[in-house]
Trainee: 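Let me give you the structure first, and then I'll get to my questions.
Protein chains get the first letters and strands the later ones, always in sequence-line order, with residue 1 at the start of each. Predicted model only: the values in this text are computed from it and were never measured.
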There are 2 protein chains.
Amino acid sequence: MNLDLILSNVGKHIELDGEEEKFFVSLLEPRTFKRKEFLLKEGEVCRYTTFVTEGCLKGFTVDKGGEEHILNFACRDWWIGDIYSLITQKPGMLNIEALAYTEALLLPRDKQQLLYKEVPKFERFFRILTENSLVANQQRLINNLSLTAEERYIAFLHKYPSIFIYAPLHNIASYLGITPEFLSKIRARLAKKDV
Amino acid sequence: MNLDLILSNVGKHIELDGEEEKFFVSLLEPRTFKRKEFLLKEGEVCRYTTFVTEGCLKGFTVDKGGEEHILNFACRDWWIGDIYSLITQKPGMLNIEALAYTEALLLPRDKQQLLYKEVPKFERFFRILTENSLVANQQRLINNLSLTAEERYIAFLHKYPSIFIYAPLHNIASYLGITPEFLSKIRARLAKKDV
């Protein structure tokens with residue numbers, strides 16, 4: 001269990017005393033995932049907010065034609081979950097799958113509710129976390145509406161600088177909403193530009 | 001000031017006693033906007049979280065080519081703000097403009113921080129509000145990636161059933177990321193289907 005990493009992540013937004021740290025940590029469930037193993041499948045109810053300590057997960061949906069659409073990646077020091085399903089406790093549309101061997105700390109939903117009750121400052125922590133996700137999502141919507149594919153690719157590289165360790169190019173193309181062929185053309189063009 | 005509406009909106013997620021209601025209400029600034037008046041312009045720092053009590057606002061960005069891209073609408077009983085700029089207090093990319101005569105209650109950012117301090121359960125309220133926005137944004141990203149324009153239009157009508165009172169068709173096309181001509185074709189096709 002990489003507890004230092006999660007405590008320093010939480011420490012970015014709230015200060016915990018020793019007792020509170022101990023209580024928070026007692027609620028976490030460590031898990032490992034093999035490459036291509038699923039943390040969550042479409043149609044299941046999401047029961048965990050997940051923090052990645054090693055490796056990388058991808059969140060994606062599959063459309064009627066069987067095509068995969070990547071919503072997000074979560075590498076080391078990121079949180080992931082199907083927020084719709086987590087909140088409503090209804091079956092979600094999201095799949096979460098490991099791109100490589102991954103270690104994670106899972107906070108079960110009922111434990112998260114208990115945490116809010118016992119250590120209310122976690123309301124603040126998850127409010128800020130959710131705000132940051134909302135900003136990122138909103139930025140991505142704006143980018144999708146107003147940037148060219150090439151500009152979106154460059155923004156993506158700034159957001160996920162180490163993603164190439166884990167994600168194959170067709171995953172990155174899927175995240176950007178373009179074909180792998182088109183992504184190859186963009187990369188060739190940028191390579192010439194020497195960006 | 002339509003205080004009943006905002007108190008009932010807050011009451012969906014947290015319970016306030018009389019003192020807390022009074023304090024919350026004392027922080028709000030009522031404002032009215034004429035049609036086409038701006039609440040926020042690109043490049044400004046967003047200083048308010050805004051609750052609409054009458055009318056409708058639209059949030060949009062303008063790309064380098066001068067084209068408008070609509071990110072969201074906020075009609076009666078909705079909250080709106082440039083969350084990126086609100087959080088970072090940096091200049092934002094969003095414009096917020098009234099589509100019709102609009103009445104709103106503005107919660108200044110410093111007052112919102114004071115509110116968190118004095119009535120911590122508002123951390124909970126805004127956490128839940130932000131979670132719901134995140135769900136809606138995530139759903140829209142999924143829709144943009146995996147649904148046809150016609151399916152996205154139908155999803156849009158479910159989300160904003162009364163939008164036609166306020167928004168011209170080219171605004172709706174902009175929200176959906178399609179041309180007004182293509183939207184007209186979709187509407188004609190759906191009219192024949194009698195959906």
Side-chain angles (χ1 to χ4, degrees), chain A residues 13-14 42 49 59-72 81-88 90 92-95 112-113 116-117 120-148 151 174-178, chain B residues 13-14 42 49 59-72 81-88 90 92-95 112-113 116-117 120-148 151 174-178:
Chain A
H13 301 304
I14 54 173
E42 184 181 344
T49 303
F60 65 99
T61 60
V62 180
D63 68 21
K64 286 176 216 153
E67 210 181 325
E68 189 177 304
H69 301 283
I70 296 189
L71 201 68
N72 46 13
D82 181 338
I83 186 121
Y84 164 79
S85 177
L86 257 175
I87 292 171
T88 61
K90 291 181 187 163
M93 291 171 68
L94 210 64
N95 299 278
Q112 189 168 357
Q113 299 298 330
Y116 289 145
K117 216 177 134 222
K121 63 184 109 169
F122 271 95
E123 293 273 7
R124 181 179 180 79
F125 175 71
F126 284 103
R127 172 181 63 77
I128 294 172
L129 204 69
T130 311
E131 281 176 355
N132 290 343
S133 299
L134 183 58
V135 166
N137 261 269
Q138 199 150 310
Q139 198 53 48
R140 187 165 165 210
L141 267 172
I142 292 174
N143 288 355
N144 284 352
L145 290 168
S146 60
L147 296 189
T148 65
E151 289 166 331
S174 162
Y175 178 95
L176 295 170
I178 57 178
Chain B
H13 301 303
I14 55 173
E42 185 183 342
T49 303
F60 64 99
T61 60
V62 179
D63 68 22
K64 286 176 216 154
E67 211 181 325
E68 189 177 303
H69 301 283
I70 296 189
L71 200 70
N72 47 13
D82 181 337
I83 186 120
Y84 163 78
S85 176
L86 258 174
I87 293 171
T88 60
K90 290 181 189 165
M93 290 172 67
L94 210 64
N95 299 278
Q112 190 168 355
Q113 299 298 331
Y116 289 145
K117 213 177 135 222
K121 63 183 109 168
F122 271 95
E123 292 271 8
R124 181 178 181 79
F125 175 71
F126 284 103
R127 172 181 61 80
I128 294 172
L129 204 70
T130 311
E131 281 177 355
N132 290 344
S133 300
L134 182 58
V135 166
N137 261 269
Q138 199 150 313
Q139 198 52 48
R140 188 167 165 209
L141 266 173
I142 292 175
N143 288 355
N144 284 352
L145 291 168
S146 59
L147 296 188
T148 65
E151 290 166 332
S174 162
Y175 178 95
L176 295 170
I178 57 179

Trainee: Is it the backbone or the side chain of Ile83(B) that comes under 4.5 Å from a heavy atom of chain A, or both, or neither?
Mentor: both
Trainee: Can you tell me which portion of Leu86(B) sits under 4.5 Å from chain A's heavy atoms? Options are side chain, backbone, both or neither.
Mentor: neither
Trainee: Using non-hydrogen atoms and a 4.5 Å limit, figure out which bit of Lys64(B) sits close to chain A: side chain, backbone, both or neither.
Mentor: side chain
Trainee: Go through the atoms of Glu151(A) and report whether side chain, backbone, both or neither lie under 4.5 Å from a heavy atom of chain B.
Mentor: side chain
Trainee: Could you tell me whether the side chain of Gln112(A) reaches within less than 4.5 Å of the side chain of Phe122(A), counting heavy atoms only?
Mentor: no
Trainee: At a heavy-atom separation under 4.5 Å, does Glu67(A) approach chain B through its side chain, its backbone, both, or neither?
Mentor: neither
Trainee: Between Glu123(B) and Arg127(B), is the closest basic N to carboxylate O distance under 4.0 Å?
Mentor: no
Trainee: For the atom pair OG1 (Thr88(A)) and CD (Glu131(B)), what is the distance rounded to the nearest 0.5 Å?
Mentor: 11.0 Å
Trainee: Pick one of side chain, backbone, both or neither for Tyr116(B), based on which atoms fall under 4.5 Å of a heavy atom in chain A.
Mentor: side chain
Trainee: Do you know the tightest heavy-atom contact between Ile70(B) and Phe60(B)?
Mentor: CA-CB, 3.8 Å
Trainee: May I ask you to name which of Thr61(B), Leu147(B), Leu134(B) has the most heavy-atom pairs under 4.5 Å with chain A?
Mentor: Leu134(B)
Trainee: For Ser85(B), which atoms come within 4.5 Å of any heavy atom of chain A: side chain, backbone, both, or neither?
Mentor: neither
Trainee: Taking all atoms of both residues into account, what is the closest heavy-atom pair of Asn95(A) and Glu42(A), and its distance?
Mentor: OD1-N, 2.9 Å
Trainee: Taking all heavy atoms of Gln138(B) and all of Leu71(A), pick out the closest pair and write down the distance.
Mentor: CG-CD2, 3.1 Å
Trainee: Heavy-atom distance under 4.5 Å to chain B: side chain of Ser174(A), backbone, both or neither?
Mentor: backbone
Trainee: Looking at Ile128(A), Asp63(A), Asn137(A), Asn72(A), which makes the most heavy-atom pairs under 4.5 Å with chain B?
Mentor: Asn137(A)
Trainee: Rounded to the nearest 0.5 Å, what separation is found between the CD1 atom of Ile14(A) and the CZ atom of Arg124(A)?
Mentor: 9.0 Å
Trainee: Do Asn144(A) and Arg140(B) have side chains that get closer than 4.5 Å, going by heavy atoms?
Mentor: no
Trainee: Just so I understand: if I count every heavy-atom pair under 4.5 Å between each of Ala136(A), Gly177(A), Ser133(A) and chain B, which residue has the most?
Mentor: Ser133(A)
